[in-house]
Amino acid sequence: KQEVTQIPAALSVPEGENLVLNCSFTDSAIYNLQWFRQDPGKGLTSLLLIQSSQREQTSGRLNASLDKSSGRSTLYIAASQPGDSATYLCAVPGRDDKIIFGKGTRLHILP
Amino acid sequence: EPEVTQTPSHQVTQMGQEVILRCVPISNHLYFYWYRQILGQKVEFLVSFYNNEISEKSEIFDDQFSVERPDGSNFTLKIRSTKLEDSAMYFCASRGNRAFFGQGTRLTVV
């Protein structure tokens, strides 16, 4: 059974710092991995999708990496801004086709 | 970018009433999902739908819940006899080569 773990559960950093969010998954037989952003009380916004054949994807100040063999992904945020404050969720497809989410990392960027 | 649309954005209902949450998935997608997120908790899988039938459902998705694709575009989640603990954000998703989620319906049962 696929399980997704995200560390840390919460993180506060001063504005301008670079930071890394971690995601691990127990079943490496995935065909992609997605990172989502969720603002309080709001929906899920897809940030990056990494296919299993890729090692990383970049979008602006965001860079996501994927190491299938070790069951890990990281989301790197460069030059953090207060507007980056949100919960970041990692999600992978399960063998049975459903999408499985981690509990997320609550990020707070201090102005 | 394509969008999954959910209506209403917020629904308040009395305990015991039935609610229908509506979703318009992305038109050329074949897989559809409902998820829920109780306040402060994880996003939980409820049900997946493929080829006009349920492909998988979680233990949460009991007889109180049903899904339907009444026409070629809408995908609905019906919750019968709502309970206080059904209060949550409900997300619809559709998938082609990647999953797209709607903005959610916040259901409040009072």
Side-chain angles (χ1 to χ4, degrees), chain A residues 1-10 23-27 30-54 57 59-60 62 64 66 73 86-108, chain B residues 1-10 21 23-26 29-51 53-61 67 87-108:
Chain A
K1 180 185 169 188
Q2 179 71 274
E3 292 184 3
V4 180
T5 304
Q6 290 188 246
I7 297 172
C23 170
S24 61
F25 45 93
T26 53
D27 185 348
I30 60 169
Y31 54 86
N32 64 38
L33 181 145
Q34 274 184 274
W35 282 93
F36 292 86
R37 169 183 172 139
Q38 185 177 32
D39 291 291
K42 302 293 185 183
L44 303 170
T45 301
S46 180
L47 296 173
L48 288 162
L49 170 78
I50 313 177
Q51 299 291 354
S52 60
S53 57
Q54 298 173 315
Q57 274 286 348
S59 175
L62 304 180
L66 174 63
S73 175
T87 296
Y88 291 81
L89 300 168
C90 169
V92 297
R95 286 185 182 270
D96 38 22
D97 198 45
K98 65 190 178 195
I99 302 158
I100 300 164
F101 286 84
K103 289 185 178 179
T105 293
R106 289 189 316 280
L107 177 64
H108 182 47
Chain B
E1 183 160 275
E3 268 190 350
V4 174
T5 306
Q6 289 187 243
T7 55
S9 56
H10 192 185
L21 310 183
C23 171
V24 179
I26 294 167
H29 285 181
L30 299 178
Y31 295 87
F32 312 118
Y33 305 85
W34 283 101
Y35 284 77
R36 80 172 184 190
Q37 186 180 34
I38 295 170
L39 187 64
Q41 297 188 23
K42 202 172 181 174
V43 177
E44 300 175 289
F45 168 77
L46 289 178
V47 65
S48 57
F49 195 84
Y50 172 74
N51 202 24
E53 61 183 29
I54 290 173
S55 54
E56 191 184 350
K57 56 185 180 180
S58 72
E59 58 273 15
I60 303 168
F61 194 89
V67 289
S87 295
M89 184 79 98
Y90 288 81
F91 293 107
C92 171
S94 70
R95 184 170 72 80
N97 67 337
R98 68 187 291 179
F100 290 85
F101 282 77
Q103 287 301 299
T105 293
R106 178 169 298 286
L107 176 66
T108 303

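Here is how names work: the chains are called A, B, and so on, in the same order as the sequence lines, proteins then strands, and each is numbered from 1. Source: prediction; values computed, not measured.
The aromatic ring centres of A/Phe101 and B/Phe91 sit 6.0 Å or more apart.
For chain A, no part of B/Tyr50 is nearby; none of its heavy atoms comes within less than 4.5 Å. Of the two parts of B/Gln41, neither the backbone nor the side chain holds a non-hydrogen atom closer than 4.5 Å to a non-hydrogen atom of chain A.
Note that CD of A/Gln38 is 7.0 Å distant from CE of B/Met89, once rounded to the nearest 0.5 Å. Annotation: the span from B/Gln37 atom CD to A/Thr87 atom OG1 amounts to 8.0 Å, rounded to 0.5 Å. With rounding to the nearest 0.5 Å, the separation of OG in A/Ser46 from CZ in B/Phe101 is 9.0 Å.
Within 6.0 Å of atom CD in A/Gln54, more than 12 heavy atoms from other residues, nucleotides or ligands are found, so the atom counts as buried in its surroundings. When the shell of 6.0 Å around NZ of B/Lys42 is examined, it contains more than 12 heavy atoms from other residues, nucleotides or ligands.
Chosen from A/Gly104, A/Pro40, A/Gly41, the residue pairing most often with chain B at heavy-atom distances under 4.5 Å is A/Gly41.
Although no hydrogens or angles enter the test, the distance criterion places no donor-acceptor pair under 3.5 Å between the side chain of B/Glu56 and the main chain of A/Lys98.
Using a 4.5 Å heavy-atom threshold, the side chains of A/Ile99 and B/Tyr35 count as touching.
When every heavy atom of B/Arg98 is checked against every heavy atom of A/Leu49, the shortest pair comes out as CB-CD2, 3.5 Å.
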